[in-house]
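Written below as structure tokens is the structure these notes are about.
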Amino acid sequence: MFFELRLRPLFAMVFCLCAFSCKERLSDAEKIVTNTMVDSRLTYREYTADSTDIIISREDYKNSLYGFWLAQCIANWTGLVTEMDKIGIPTKDGKGAGFYTRDDWGKPDQPNLWSSNKFAETIDFIYAAEDSIWGADDDTDIEYIYQTLLYDNETSILTGEQIREGWLKHIKTEEENFLWVSNQTALDLMQKGMVPPATGDPMNNADYEMIDAQLTTEIFGFFAPTCPDVALKMAHLPIQNVARQNAEWISEFNVIMYSLAPLADSSKPIKDNLIWMATEARKRLPDDSYAAKMFDFVKAQYESGLTWEEARDALHEKYQIRQEDGYEWATKDKVCNGCFAAGINFGASIVSLLYGEGDLKKTIKIGALCGWDSDNPTATWGGLLGFMLGREGVEKAFDMKFAEKFNIHRTRIGFPNNGIDDFDNMAEKGIYVIDRVVQEEMGGGIDLGKDVWYIPKNGWSIAPGK
């Protein structure tokens with residue numbers, strides 16, 4: 001008896017729980033197959049499949065990773081149009097007050113907090129057409145670095161020294177480097193010889209509760225498909241490199257969401273899957289934390305039937321104005337310069353996640369109009385939905401083809417080919433990272449003849465963070 005759940009074309013993945021003969025093993029002939037992705041540095045060990053194993057197509061997963069990188073770039077660049085235009089708290093020059101609404105989509109972009117210049121003429125989607133190149137930004141580039149470090153170091157778990165060496169190699173230190181608050185503080189500490197996780201320790205890094213980690217570590221969830229416990233183990237040190245407490249738990253929430261995406265049930269609406277994933281990830285937020293209370297508050301607004309604008313305004317009033325549940329929206333010496341504590345952007349991200357209801361374009365629109373550091377939530381959920389839709393699903397959502405190349409050197413340094421990569425290669429490298437994780441951390445196996453992973457159903461539970 002077996003059960004098969006097909007997720008393509010909606011999710012561009014195939015998962016099945018199948019019965020296999022215990023005698024079925026990888027043969028040497030199966031290890032080298034034409035058109036099959038093989039990492040020559042990795043030993044593909046023999047594995048006896050169990051009837052309860054989750055089976056995932058590597059080729060379909062590669063398509064999902066392509067969709068992740070593509071949609072994350074679309075969402076990131078669209079969010080940049082309104083980044084820091086509306087932050088809720090008026091400044092002396094009058095900037096920051098008020099918020100956008102759905103009626104502002106397609107209307108003129110307004111200057112952001114830092115400049116009198118506008119990012120774009122109108123608030124709309126930003127695309128890189130087929131014959132152009134996507135530029136990296138701070139919502140995509142650190143994840144690119146972490147994938148590279150996992151691949152180059154041939155490991156599933158990065159050490160503090162590996163993270164430090166990677167950051168110092170690939171991040172500029174003396175000029176515009178697209179780092180903010182806790183990330184910048186961590187880099188400064190690394191230059192002085194400090195090694196993660198000390199770089200994110202509150203004793204050394206006063207910015208440990210800022211938003212940084214929640215936009216740089218989600219990808220670890222995709223490296224541990226269906227296994228949030230493994231994903232949290234992999235992401236632990238990269239997150240603690242810059243974050244603790246609420247900022248750490250919020251980052252882990254995002255990692256869990258990404259790890260659970262491959263378990264989505266295609267027989268249900270995508271919004272139902274997202275609510276299930278978010279409810280599971282909520283277990284990581286300690287009940288007495290402002291992060292948990294903020295999530296519960298936004299979810300209650302959504303369930304009450306309020307519009308997303310009303311929910312956003314209520315979030316602003318409760319947490320940014322009244323600073324309830326222990327939330328302080330900025331550090332005492334850095335008010336209104338973009339260094340928000342993790343919560344307000346997390347709350348805004350939950351607004352766009354729930355009200356977007358699994359519609360990629362709608363989710364990005366709400367995230368872009370919601371306010372604050374708007375490219376952060378758009379990139380996070382754009383990437384998640386892009387993964388669930390796959391490349392073709394993303395292209396269908398926008399009814400167009402996009403650029404396939406990616407310029408990591410727009411924001412980072414020290415990569416081959418003058419920093420020009422492409423989504424296909426980035427997705428394939430992700431597959432090789434997961435090959436190692438499946439064997440080393442999940443106790444699973446890989447059948448290169450069938451081009452699938454076997455992931456044991458060991459069970460997992462999500463405990464509150466500490």
Side-chain angles (χ1 to χ4, degrees), residues 76 79-80 83-89 91 95-96 112-115 136-143 145-146 163-164 166-168 170-192 194 196-218 235 237-254 290-291 294 319-320 323 326-349 371-380 411-412:
N76 184 186
L80 284 170
E83 180 189 26
M84 305 307 287
D85 287 0
K86 304 292 185 178
I87 63 172
I89 302 295
T91 55
K95 295 179 182 179
N112 61 37
L113 175 67
W114 306 297
S115 171
D137 194 53
D138 63 337
D139 286 88
T140 56
D141 54 16
I142 301 297
E143 289 176 298
I145 289 175
Y146 281 137
I163 292 173
R164 178 177 180 271
W167 275 47
L168 292 178
H170 295 299
I171 300 176
K172 299 176 184 178
T173 58
E174 297 180 353
E175 53 188 293
E176 170 58 56
N177 64 3
F178 296 87
L179 286 190
W180 315 102
V181 286
S182 190
N183 280 342
Q184 182 62 57
T185 301
L187 181 66
D188 294 342
L189 293 171
M190 289 177 189
Q191 289 181 270
K192 297 176 182 178
M194 194 170 289
T199 49
D201 190 309
M203 295 293 293
N204 306 316
N205 188 336
D207 298 317
Y208 68 93
E209 279 233 69
M210 298 297 106
I211 69 173
D212 306 72
Q214 72 194 73
L215 56 100
T216 61
T217 56
E218 308 103 304
L237 197 55
I239 290 174
Q240 286 212 335
N241 178 32
V242 299
R244 292 295 191 280
Q245 298 177 26
N246 284 279
E248 179 178 7
W249 303 325
I250 289 169
S251 302
E252 291 176 331
F253 177 98
N254 292 346
Y290 77 64
M294 192 174 285
Y319 289 101
Q320 195 172 13
Q323 300 194 49
Y327 178 68
E328 296 180 1
W329 70 279
T331 54
K332 294 179 180 179
D333 60 338
K334 296 180 180 178
V335 177
C336 251
N337 71 344
C339 57
F340 295 120
I344 201 67
N345 252 50
F346 175 63
S349 83
W372 299 290
D373 189 15
S374 54
D375 63 324
N376 170 208
T378 53
T380 295
T411 56
R412 304 299 168 216

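No hydrogens, no waters, no symmetry mates; every other heavy atom, side chains included, goes into these values. Since the structure is predicted, the reported quantities are computational estimates derived from the model, not experimental observations.
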Please report the shortest heavy-atom distance between [X] and [Y], naming the atom on each side.
| X | Y | value |
| --- | --- | --- |
| Asp141 | Ala136 | CB-CB, 4.2 Å |
| Leu215 | Glu143 | O-OE1, 4.2 Å |
| Ala213 | Val242 | CB-CG2, 3.7 Å |
| Ala341 | Met210 | CA-CE, 3.6 Å |
| Asn183 | Asp212 | N-OD2, 3.0 Å |

Note, [X] side chain near [Y] side chain (heavy atom, < 4.5 Å):
| X | Y | answer |
| --- | --- | --- |
| Thr140 | Thr411 | no |
| Asn112 | Glu83 | no |
| Ile145 | Thr216 | no |
| Pro196 | Arg164 | yes |

Does [X] reach the main-chain N or O of [Y] with its side chain, forming a donor-acceptor pair under 3.5 Å?
| X | Y | value |
| --- | --- | --- |
| Thr378 | Ser374 | yes |
| Asn246 | Ala291 | yes |
| Asn204 | Ala198 | yes |
| Glu176 | Phe178 | yes |

**Request:** Would you please say whether a donor-acceptor pair under 3.5 Å links the side chains of Asn177 and Gln184?
**Result:**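 On atom types as modelled, these side chains qualify, holding a pair under 3.5 Å.
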
**Asked** Going by atom types alone, do Asn205 and Ser182 pair a side-chain donor with an acceptor below 3.5 Å?
**Response**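 Yes, side-chain donor-acceptor contact under 3.5 Å.
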
**Request:** Report the C-alpha distance between Thr173 and Met190 in whole Å, list the side-chain angles of each, state the deciding distance to 0.1 Å, and finish with yes or no for side chain to side chain contact (heavy atoms under 4.5 Å, CB included).
**Result:** CA-CA 11 Å; Thr173 58; Met190 289 177 189; over 6 Å; no

I need the [X] [atom1] to [Y] [atom2] distance, nearest 0.5 Å.
| X | Y | atom1 | atom2 | answer |
| --- | --- | --- | --- | --- |
| Tyr327 | Phe346 | OH | CZ | 11.5 Å |
| Asn345 | Gln214 | CG | CD | 6.0 Å |
| Tyr208 | Met203 | OH | CE | 11.0 Å |
| Leu80 | Asp85 | CG | CG | 10.5 Å |
| Leu179 | Ile171 | CG | CD1 | 5.0 Å |
| Ile344 | Glu328 | CD1 | CD | 13.5 Å |

**Aromatic ring pairing Tyr146/Trp167, orientation class (parallel under 30°, perpendicular over 60°, tilted between)** =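 It falls in the tilted class, 30° to 60°.
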
**Message:** Evaluate Ile142 against Arg412 for side chain to side chain contact (heavy atoms under 4.5 Å, CB included), listing each step before the verdict.
**Reply:** CA-CA 9 Å; Ile142 301 297; Arg412 304 299 168 216; 3.9 Å; yes

**Prompt:** Can you check side chain to side chain contact (heavy atoms under 4.5 Å, CB included) on Ser251 and Thr217, steps first, answer last?
**Reply:** CA-CA 7 Å; Ser251 302; Thr217 56; 4.0 Å; yes

